[in-house]
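Since the structure comes first, as structure tokens, the remarks are kept for the end.
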Amino acid sequence: MSPAQRTCLSDSLVHAFDMLWEGLPSICAVEAAICSLEASGLFNAGLGARLQMDGIRRMDASIMEGHHLQAGAVAGIEGVQHPIKVARLVLERTNHVLLVGPLATRFARGFTMKFQPRVGKARTSKGGTVHKKPNSEELETVGAVALDRSGTLAAGASTGGIGVMLPGRVGDSPLIGSGVYADNESGAVSMTGFGESIIRIAVAKEITDRLAGGISPSPAARFVLRKLVRRIQGSAGALVLSRTGQFTIRHTTPHMAAGYWNGKGRVVVADRFS
Ligand code: ASP
């Protein structure tokens, strides 16, 4: 993790925690944390999102709250700076959960919304067309989970997808139960990693089901991530928060840049968790 990423993660945690401290709902804190990561261009989301093989940046995001189990998501959205805001608009302004592709983009245009500057194009040696974007492999998907004073949990995720992907590919991040889940009766989960494996195990829901069964976040996440590796050689990382505020970060990937508020007035940020 670069120093700039570390500072950005830490600032977004402080800001989100202040919101919770002031009594704002967890969904606002989750949205705000993800927004600042999307705006930084330092992660694989929003301004830093990866490009698909045709050189187009199509992004996925979702957000869910655990009181009424309301959720909103977008997949394959283009041009917006904050896919997570559009996901929340889907949750709050429509009767739907998921909008996709150009029609999700058109939906976003109906609101006051920041759009991304156009990216310049470059010719590849094979004559195809790609956008220039150095070091995108090092950028990571962003996500957040939070619990507010009223006991409501929220989870969200925002991504530009994986390293090499066909145009139109959609990962786990906008799929409720795969990339995110939040239920006040169990917990909140936000996933990162190889979406094709996370979807097949419905990881976020599988972890929250274990929390509902009384297992704490750490063993619940460990069990499901082990299953992901054992059954389908998947790889992923999870942010897991229980309804009582117990928390873990677990990953089978070599690194996972993440952080949390440690409950003693301090933010902890690292790129590896055991
Ligand atoms: N889970 C994201 C996806 O498959 C990618 C990531 O987390 O890095 O689209």
Side-chain angles (χ1 to χ4, degrees), residues 1-2 5 8-9 12 30 33-34 37-38 40-54 56-64 71 73-78 80 82-84 86-87 98-101 104 133 135-145 155-181 188-207 221 224-225 228-229 232-240 249-259 271-273:
M1 175 170 28
S2 71
Q5 286 174 315
C8 183
L9 264 181
S12 77
V30 163
I34 292 177
L37 302 175
E38 287 175 333
S40 71
L42 298 170
F43 298 91
N44 174 23
L47 288 178
R50 290 194 175 122
L51 310 178
Q52 297 197 323
M53 281 166 75
D54 58 356
I56 308 278
R57 176 178 282 147
R58 297 183 184 87
M59 299 163 287
D60 302 335
S62 68
I63 195 158
M64 181 168 188
V74 288
I77 193 166
E78 293 175 36
V80 295
H82 293 296
I84 195 69
V86 191
L98 176 61
L99 293 182
V100 302
K133 182 132 185 345
N135 300 328
S136 70
E137 292 309 303
E138 291 160 24
L139 306 182
E140 298 186 49
T141 286
V142 307
V145 291
S158 179
T159 188
I162 54 174
V164 178
M165 55 189 157
L166 289 172
R169 180 263 183 192
V170 172
D172 59 297
S173 306
L175 303 183
I176 303 304
S178 290
V180 305
Y181 203 72
V189 174
S190 178
M191 298 300 302
T192 180
F194 188 54
E196 280 70 3
S197 60
I198 297 168
I199 292 168
R200 288 154 66 203
I201 302 273
V203 173
K205 184 66 165 65
E206 173 121 17
I207 294 176
V224 179
L225 291 180
L228 184 84
V229 173
I232 58 173
Q233 294 79 52
S235 82
L239 306 174
V240 184
I249 300 172
R250 291 233 152 225
H251 52 102
T252 63
T253 48
H255 300 278
M256 180 171 167
D271 65 1
R272 191 177 293 225
F273 295 82

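Computed over heavy atoms, backbone and side chain alike; hydrogens, waters and symmetry mates excluded. Since the model is a prediction, treat every value here as computed from it, not as a measurement. In listed order, ligands and their atoms are each counted from 1.
- Proximity of Met53 to Val164: side-chain heavy atoms (C-beta onward) are separated by under 4.5 Å at one or more points.
- Under 4.0 Å from any atom of ligand 1, one finds heavy atoms of residues Thr141, Thr159, Gly161, Ile162, Arg169, Gly171, Asp172, Ser173, Thr192, Gly193, Gly195.
- Not counting sequence neighbours, Ser173 has no partner by the side-chain hydrogen bond (donor to acceptor under 3.5 Å, both in side chains) test.
- Using a 4.5 Å heavy-atom cutoff, the side chains of Thr141 and Phe43 are not in contact.
- Note on residues 155-176: pairs passing salt bridge (Lys or Arg N to Asp or Glu O under 4.0 Å), not counting sequence neighbours, are Arg169-Glu196.
- For Glu78, the salt bridge (Lys or Arg N to Asp or Glu O under 4.0 Å) partners at least two apart in sequence or on another chain are Arg58.
- Side-chain atoms of Thr252 come within 3.5 Å of backbone N or O of Ala236 as a donor-acceptor pair.
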